[in-house]
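For reference, the structure is listed below as structure tokens.
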There are 2 protein chains.
Amino acid sequence: MGESAAQRLDARTRLIAAATAAFAERGYHATTTRDIAARAGMSPAAVYVHHSSKEELLFLISRQGHDAALDVIRSASPDDAEPFERLHATVHAFARWHAEHHTAARVVQYELRALSPEHRQEIAERRRAIDRHMRDVISAGVEQGVFDVPDVAGTTLALLSLAVDVARWYQDDGQRSAESVDGAAPLRDLLAVLGRQRPQLVLHDPRGGV
Amino acid sequence: MGESAAQRLDARTRLIAAATAAFAERGYHATTTRDIAARAGMSPAAVYVHHSSKEELLFLISRQGHDAALDVIRSASPDDAEPFERLHATVHAFARWHAEHHTAARVVQYELRALSPEHRQEIAERRRAIDRHMRDVISAGVEQGVFDVPDVAGTTLALLSLAVDVARWYQDDGQRSAESVDGAAPLRDLLAVLGRQRPQLVLHDPRGGV
DNA sequence: ACGCATACTAAGCGCTTGCTTAGACTGCAC
DNA sequence: GTGCAGTCTAAGCAAGCGCTTAGTATGCGT
């Protein structure tokens, strides 16, 4: 062989890293394969030695990210933990992952439309698993009488959405970097303002409801 | 003239509506000018009779959306209202706008990268105005001793981010449509779970802080 | 009736895109 | 040393892109 297996692996992952940075910065469709190749220090054709298409790069990034996020959320807290502790740990771990891996997370969460139908289906399975886990955590609390949530699916959506959006709060170059600031700190303040200080006055539906 | 001013206006707005739908569905870079023209029932060249470029369409949509959102947030509550009521009304109005105008809101909030540097600057001014308004609402509560927020800028970011993300919860075709469901309802449930039931146990920074 | 401004289209131009091809280089097996 | 498998590049292809051009249709002012 021309090079060792380690070198080949290095070229593959270097391309994935380059694609992640480019997709996060410009978006999938605004990124060219020439851009990816240049970031990895290769010629445009080299991309296709290691990957079959630009879309495959996106899929690999997306799958890797979803697997990591699912792993983080699952190992955040044991199933038999106290409901609120468990929910807290789950949301915190999920939000923290998105803060620390905000570059990859941007691609993982905001470039799903660009996936091929087949790949999108495979990613959708993992997203359903994440949703199911969060829903189970909330449902467990409801069943034990600790939470009072009329719309479990809606609350699951809102919680995941909020935690995912944390990825958009941070940049590598700016002051608000995930290394120096805890990912959940502004989240905590948000809740302090909206829920903690005047718990009886949370947002309400003016057309009825609670 | 070939047609009346009303018809000309109609063609212009029809193109903007077509572009909004296309950008929201596929994203700016994945949308072709031929796609926009087809949605407006015109030939590809007709786009350039009324607008100078595809990017100009995005700019017009973005400016219109930011102006509307700024108007909504400013007229949500009077300056001398009680701090918590005022914050509540502001966040609620902003979130509700994003729920009701979720298609335009997606373009307005998630396609900013595609703007030209000049246009991006003009939009950035409006975004700073929105940020400033929300920050003032929080600051007023802090000064009056009603809120205890260490990081006002971070909390502003988190609140706006949360309300903006509401646009991603709704679709026109699905069950969760903004017409039938109040935009803030899942938000309310989210806060009920995280802040209301156990107000002393909001997310906290494990490395110190509150 | 006629000139003219406006709305619109058919055709296509120049360019960039994702990706391929043909071939050079490298280091291991034997 | 020779063959070969694997890595990479220079060059370029077909297709699709944003946008332009040349020309037609339409209706108003005079």
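A note on names: the letters A, B, ... follow the listed sequences, proteins ahead of strands, and every chain is numbered from 1. Computed from a predicted structure; not experimentally measured.
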Practice task
Sorted by first residue and then second, give each salt bridge (charged side-chain N to carboxylate O under 4.0 Å, His left out) pair with at least one member in residues 48-60 of chain B; sequence neighbours left out.
Solution key: none

Handout entry: Sorted by number, the residues of residues 15-38 of chain A with heavy-atom contact under 4.0 Å to DNA chain C
Key = A/T31, A/T32, A/T33, A/R34

Practice task
State whether the side chain of A/T31 and the backbone N or O of A/A22 hold a donor-acceptor pair below 3.5 Å, judged by distance alone.
Solution key: yes

Practice task
Using a cut-off of strictly less than 4.0 Å between a heavy atom of the residue and any atom of DNA chain C, enumerate the qualifying residues of residues 40-47 of chain A by number.
Solution key: A/A45

Practice task
Assign the ring pair B/H88 / B/F84 to parallel, tilted or perpendicular, where the plane angle (0 to 90°) is split at 30° and 60°.
Solution key: tilted

Handout entry: Qualifying salt bridge (charged side-chain N to carboxylate O under 4.0 Å, His left out) pairs, either residue in residues 131-141 of chain A, two or more places apart
Key = A/D131-A/R135

Completion exercise
In short, ring pair (Phe, Tyr, Trp, His ring centres under 6.0 Å) pairs touching residues 19-43 of chain B with sequence neighbours left out are B/F23-B/Y28

Problem - Options C/dC19, D/dC8, C/dC8, nucleotide nearest the side-chain atoms of A/Y48 - result: C/dC19

Practice task
Mind running a 4.0 Å heavy-atom check of residues 52-62 of chain B against DNA chain D and sending the residues that fall below it, in number order?
Solution key: B/S53, B/K54

Exercise for the section: Kindly indicate whether a cation-pi arrangement holds for B/R120 with B/F59, taking the cut-offs as under 6.0 Å to the six-membered ring centre and within 45° of the axis. Expected result: no

Exercise for the section: Let me know the distance between CZ of A/R14 and P of D/dT7, rounded to the nearest Å. Expected result: 12 Å

Practice task
Answer yes or no: is there a donor N or O on one side and an acceptor on the other, between the side chain of A/H66 and the main chain of A/S62, under 3.5 Å?
Solution key: yes

Handout entry: Electrostatic pair B/D165:B/R168 at N-O distance under 4.0 angstrom
Key = yes

Practice task
Would you please confirm or rule out a distance under 4.0 Å between OP1 or OP2 of D/dC8 and any side-chain N or O of A/H50?
Solution key: yes

Exercise for the section: Indicate whether the side chain of B/R127 and that of B/Q109 have a donor and an acceptor atom separated by less than 3.5 Å. Expected result: yes

Exercise for the section: Flag the pair B/D79 and B/R86 as a salt bridge only when some basic side-chain nitrogen lies within less than 4.0 angstrom of an acidic carboxylate oxygen. Expected result: yes

